[in-house]
There are 2 protein chains.
Amino acid sequence: MTPELLSPTLPTVNVEVLRARCATCSMHQLCLPMGLDMGDMDRLDQIIGRRRKIARGVSLFRIGDAFQNLYAIRLGHFKTYQINPGGEEQVTGFQMAGELLGMDAISADRHHCNAVALEDSEVCEIPFSSLEQLLGNMPTLLRHFHRMMSQEITREQSVMLLLGNMQATQRFAAFIVNLASRYEARGYSGSNFQLRMSREEIGNYLGLTIESISRLLSKFKKEGWLRVSNREIEILQPAKLKAITAGTDICK
Amino acid sequence: MTPELLSPTLPTVNVEVLRARCATCSMHQLCLPMGLDMGDMDRLDQIIGRRRKIARGVSLFRIGDAFQNLYAIRLGHFKTYQINPGGEEQVTGFQMAGELLGMDAISADRHHCNAVALEDSEVCEIPFSSLEQLLGNMPTLLRHFHRMMSQEITREQSVMLLLGNMQATQRFAAFIVNLASRYEARGYSGSNFQLRMSREEIGNYLGLTIESISRLLSKFKKEGWLRVSNREIEILQPAKLKAITAGTDICK
DNA sequence: CGCAGGGTTGATGCTGCTCAAGACGGGTGG
DNA sequence: CCACCCGTCTTGAGCAGCATCAACCCTGCG
């Protein structure tokens, strides 16, 4: 692949593989290998299966699929959603690079949600049985894996809080603030970013309709808290948004 | 303690300790030791700390407490709740015997929610650092622990679904059906049981007010789906409740 | 140019919240 | 034993926040 990049004077190295090692991945400080030394990171690398490209709109896994792998997102964004018996979606989360997908499948050996790429993305396939073996021998990895699972639990608890007792304005502010902080943690701007999801997906996630999201965006724009253009977001008053999220500022 | 129970002709055995072993606990087929052989169960027993009694209304842990232990419920019921910045509670779950408390604290070494006994209860204290060491040497235990964490994730996802796109009637039916199935899994009646939580706690959990819960109970009674007397519940039409939960039956 | 998909805005209505009053049940003290 | 009280629960009336329905706009694309 792309052989023109390989100078003949250099030793032959498979570029794909090189690119794909944990040690050279920009997410290794957030992702599973966090805190591992080089030796351990190599051992982890060895069990990781394919690095797969997932095109926008394509499913990584679906409800009911047999559980084989966890997936670490290298690049891009995903949404996960469940289907209620009436056939309607419920978005349960938006995931970005450095996050792990599929942990809900461990309990029953089947996936409980669908995961779809919101844009062209890349993931690392982590065969769970191999990972579990490795965990037995690598306390640092074990610890970090538990932290990631636990993080998923606390993340969901905060969504429960959001859905259970916040008003629409507060929910939406919380959503924006949450995205901003996650981009910041990844070294991107926390004040300028693009929404990778549609209004409909946001509304579904927040337990609101698409119209409500649209109105909220208009209002946040009118109030001067945000600059909005299509899916482009600029946060103009981060403190205000945080205050609304916190409920300090009861502004409808 | 209770020396009158110890016949002088039998070898002296500490009754408290006997009572407290995993192997003799009625919950060992649901709880952490599930699937362990006797040897492994003994090793697990050895790391387990105190068996503590928690009186009704007393906190097992609070938000911000340093994380030391997970807790397995031997007996009784708990609720977990978060506090939003406005000081209001949001109940995030009700736990019963055989379930594990505290897994959300692994990620940050601090508890993220409060856990309060809904009635006089008993828990086993499981020092997490010891548990993690043990997990490295006991693949079966490791597997089951991951299943339990994953179960917590899927449980919360289904609450998100409930809060995100169900109507009040459906939420409440889902709540009752969920309780029933959990009692059944524990060998209790799935059609006759007592609510251990107040109307207010139910409402808070389901994102509804106490008045709504009260009205829903009255309605379910009037429709002949439930018999209700104070906190005593008898399910008269389980199929109906399941249909409402599933959304098959759009009955408001 | 026309179309499709996504987004915005307005008018109206319903579900569940708020506020208020009263009932019930269990516990306490006279 | 009754009177009283308190917390919990029930029921009713009115209201508001968000959903629903509908029309329209914008943008990209064939």
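First the proteins, then the strands, lettered A, B, ... as listed; each starts at 1. All of these numbers come straight from a predicted model, not from anything done at the bench.
Between A/Arg196 atom CZ and C/dG6 atom P the separation is 18 Å, expressed in whole Å. Between the CG atom of A/Asn230 and the P atom of D/dC26 there is a distance of 12 Å, rounded to whole Å. Rounded to an integer number of Å, the gap from A/Gln167 CD to D/dC15 P is 18 Å. Atom-to-atom, CE of B/Met197 to C1' of D/dC9 comes out at 16 Å; the value is rounded to the nearest Å. Per the geometry, CZ belonging to A/Arg199 stands 9 Å off C1' belonging to C/dT8, to the nearest Å. B/Phe172 places its CZ atom 12 Å from the P atom of D/dC9, with the value rounded to the nearest Å. With rounding to whole Å, B/Asn204 atom CG is found 13 Å from D/dC9 atom P. For the pair B/Glu232 CD and D/dC9 P, the interatomic distance rounds to 14 Å; values are reported in whole Å.
Contacts of A/Glu119 classified as salt bridge (Lys or Arg N to Asp or Glu O under 4.0 Å), with partners at least two apart in sequence or in another chain: A/Arg196. Here A/Arg186 pairs with A/Glu99 under the salt bridge (Lys or Arg N to Asp or Glu O under 4.0 Å) rule; sequence neighbours left out. Applying the ring-ring contact (aromatic ring centres under 6.0 Å, His included) rule to A/Phe193 yields the partners A/Tyr183; only residues at least two apart in sequence or on another chain are considered. In terms of the ring-ring contact (aromatic ring centres under 6.0 Å, His included) criterion, residue partners of A/His111 (sequence neighbours excluded) are, by chain and number, A/Phe61, A/Phe67. Under the ring-ring contact (aromatic ring centres under 6.0 Å, His included) criterion, A/Phe220 pairs with A/Phe172, A/Trp225, not counting sequence neighbours.
Residues from residues 209-217 of chain A that place a heavy atom under 4.0 Å from any atom of DNA chain D, listed by number: A/Thr209, A/Glu211, A/Ser212, A/Arg215.
Of the side-chain N and O atoms in B/Arg171, none sit less than 4.0 angstrom from OP1 or OP2 of C/dG16.
Residue A/Gly207 is in sugar-phosphate contact alone, with no base atom involved, counting any heavy-atom pair closer than 4.0 Å across all strands shown.
Between the OG atom in B/Ser107 and the CZ atom in A/Arg155 there is a gap of 12.5 Å [rounded to 0.5 Å].
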